[in-house]
Amino acid sequence: MPGSDDDRSRARAQLQATLGLLRTLDAGREVALFVEQRRPKVTVSARLGEFGWWALTVGMLNTIFIMPSVLDLAQAEAARLYAHEFGHLLFGKDRPVECTIDSIKQEYAAESLAARVWVEMNPGAAPEEYERQAGWILDQPVEAAYQAIRQWGPYYAALPEKQPRWYQVGQYWPAVEYVLRTVLGVR
Ligand SMILES: [Zn+2]
């Protein structure tokens, strides 16, 4: 699974550049400072593509897995993508056990953060573009946005709406194990 040394250094450079950009944004400052403290690892994994994912954050491993193609994104696109992944780390910061498990609520928090970052980076966006990138989540009732997130794919359709409590984590463990082993090849 590990990428080449070249991939690793490109991923590190992209992470630093993204944190530098987010620090300059009102919507990104808090999360950038948090991530700088937490120092997650970015690991390049082509396996994600088989599942249609560009990136996946596993808080328990303090790792953000990315597709190799993420390394080629323009800086603004990368910032939006990482803002979502950083949102997962920030959401789970106080409750690492419970927040190891994803939920619609957590996806909503991560994507709202990414949408606010996008809005700040694109102040002159056309109305349709604004709607596609951010309006659908920032300007809609929470329930409507939850419904939209469920339509991202089968993984999201099956997510619990709220974070499970720590004593419920066991019942989600098969799903966590599936992601770690099948998607990421972590043994
Ligand atoms: Zn997510």
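In listed order, ligands and their atoms are each counted from 1. Both backbone and side-chain heavy atoms feed into the values below; hydrogens, waters and symmetry mates do not.
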Inset, instruction - Sort and list the pairs that fulfil side chain to side chain donor-acceptor pair (under 3.5 Å) and have at least one residue in residues 146-156, not counting sequence neighbours. - result: Asp102-Tyr155
Inset, instruction - Output yes when Asp7 and Arg12 qualify as a salt bridge under the 4.0 Å nitrogen-oxygen rule, no when they do not. - result: no
Legend entry - Set of side-chain contact (heavy atoms from CB on, under 4.5 Å) partners for Ala27, sequence neighbours left out: Arg116, Val117, Glu120
Legend entry - Shortest-distance N, O or S atom of Glu107 relative to the Zn ion (ligand 1): OE1
Legend entry - His84: its N/O/S atom lying closest to the Zn ion (ligand 1) (atom name): NE2
Legend entry - Backbone or side-chain N/O/S of Glu111 under 2.8 Å of the Zn ion (ligand 1): no
Legend entry - Main-chain N/O of Ala32 paired to Arg23 side chain as donor or acceptor, under 3.5 Å: no
